[in-house]
Chemist: 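Please find one structure pasted underneath; my questions will follow.
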Amino acid sequence: MDAPAVKAAPDYSALPLSELDISDPRMFQFDYWHGLFARLREESPVHFQSDSPAGPFWSVSRYEDIVAIECDTETFSSEPAISIIDPEPDMILKMFIAMDPPQHDDQRRAVHHVVAPRNLKEFEALIRRRTVEVLDALPENEPFDWVTLVSRDLTTKMLATLFDYPWDERNNLTEWSDMFTNDERITAGEGLKREVIIEHITACLQRFTELWHERKGDGGEAFDLIRMLQADPNTANMVDDPLTYMGNIMLLIVGGNDTTRNSMSGGVVFLNQFPQEMEKVRANPDLIPSMVSEIIRYQTPLPHMRRTATRDTEFRGQRIRQNDKVLLWYVSGNYDAAAIERPNDFWIDRPNVRGHLSFGAGIHRCMGNRLAEMQLRILWEEALRRFKTIELAGEAERTCNLFIRGFTRLPVRVTRF
Amino acid sequence: MTVVTFVQHDGSERMVDGDVGLSLMETALKHDVPGIDADCGGGAICGTCHCFVEVSGDLPAPDSQETAMLGLRPDRAENSRLACQIVLAEGMADIKVRLPEFQM
């Protein structure tokens, strides 16, 4: 891309609606998306953009409209893809996130138990131990990169723990996850070509297939996600259908990676921007679960999901045609004053704090939400217990990706009690 | 007055007086009855107020959205409902619901 990097928020109030570019990931990289979506919510809540690197698409920006479309799965399908990029015909992974009922429901039910609260209790002590190790190893009173040393390291270790993945190979998981979502068409040309991504998917499938066969029948207890799939009659032979096995593995890896990682970083930023909220949670650590929900809203690590119109339809006065791509902007709905009181405030004990759209809504609502909340809760319980201060020590660098709102670097300084 | 009984997964019971116009979900929250998360606040879009209706009079059948959400539950039973979709009405018979081990 030859366009210069936009560092300051452009003046959207002066631009005609047709010139707003809602496909440019730099709106997240340089954090100028607020004004853009504020205008869409106000002036064009169901908005058509005729051209982008991934083709034309609609943007839905109001909370209420996003929910309405999420609930009409017959008109607004999750097939063939939930990102703006269509899948390659030779590599259509079978993921229930990109399926409609009834197939979606069957597949989701089959793997739901791996992240069900009953199993989470088994993981909690282990996750806490890993979290403590990571926090105790942080340098004191000197700047370090929170993304590398905390968010990334911790989510990698948690993923490796959940899969019981070979510990010394664990960075594979994060690297694969990053590659899957790093398509050049949603990263202002900075990401990977589709062919390269497919090579990585193939390598990932190969490793997970080996692990499946190593574990099958070895008598180990079903505490990891692979053994849980093997132990359930509905999924006991999933490895025989590589596209389904890989689809589920990828969902679990990607779903448990960027989302949690970027919320772990976002929390530090928000608590620094709103020091009175830090005081509140210090005074009353019982607010941590509520704060975790507010962090997840405020971050909205997955800014949108895509649906595809199954027929010509009219929605809020707009004529949407069959096969049109419709992007549901959770990040906008989460800041819609019509649904969220004082949306721009990071307010850790706000009323109805769990009523955000970061997990989506309806039948595709995030299956791993309780796991994500638990990971973040443990991080903040342990961090607030041992650090007297957690301060930003420089400029944050944000991710350039239309599908992911996150941080690539976050200089932080901590002091211990 | 409709009396609502919530039965926890461990078998403990709690009886409360229902208010006309409140849903079972809202009734539970009003009386601090645990076991119902109600993330979405009552729109049948999160599924975290799942309950099993043990005793009741005639109830309106679940609509398509509630049915869709119930369809995701691995622990769905014949008497599964979302507590946010059962609204207490004048003259309604007493109702008893069991809560699942976990909401998810």
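Heavy atoms only: backbone and side chains are in, while hydrogens, waters and symmetry mates are out. We name chains A, B, ... by the order of the sequence lines, and we start the count at 1 in each one.
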Chemist: Look up atom CZ in R370(A) and atom CG in D37(B), then write down how far apart they are to the nearest 0.5 Å.
Modeler: 4.5 Å

Chemist: Does CG in D10(B) sit with more than 12 non-hydrogen atoms of other residues, nucleotides or ligands closer than 6.0 Å?
Modeler: yes

Chemist: Might you point out which heavy atoms bring Q65(B) and G362(A) nearest each other, and give the distance in Å?
Modeler: NE2-CA, 4.1 Å

Chemist: Pick from L72(B), T48(B), I45(B): which one makes a side-chain contact (heavy atoms from CB on, under 4.5 Å) with R365(A)?
Modeler: T48(B)

Chemist: Does atom CD (E13(B)) have a neighbourhood of more than 12 heavy atoms from anything else shown, all under 6.0 Å?
Modeler: yes

Chemist: With a cut-off of 6.0 Å (strictly less than), are more than 12 heavy atoms of other residues, nucleotides or ligands near CD of E54(B)?
Modeler: yes

Chemist: Around atom CD of E74(A), are there more than 12 heavy atoms from other residues, nucleotides or ligands closer than 6.0 Å?
Modeler: no

Chemist: Quick one: what part of H104(A) sits under 4.5 Å from any heavy atom of chain B, side chain, backbone, both or neither?
Modeler: side chain

Chemist: Less than 4.5 Å to any heavy atom of chain A: does that hold for the side chain of R73(B), its backbone, both, or neither?
Modeler: backbone

Chemist: Looking at N352(A) and D39(B), what are the two nearest heavy atoms and their distance?
Modeler: OD1-O, 3.6 Å

Chemist: Pick whichever of G47(B), A68(B), A38(B), C46(B) has the most heavy-atom pairs under 4.5 Å with chain A.
Modeler: C46(B)

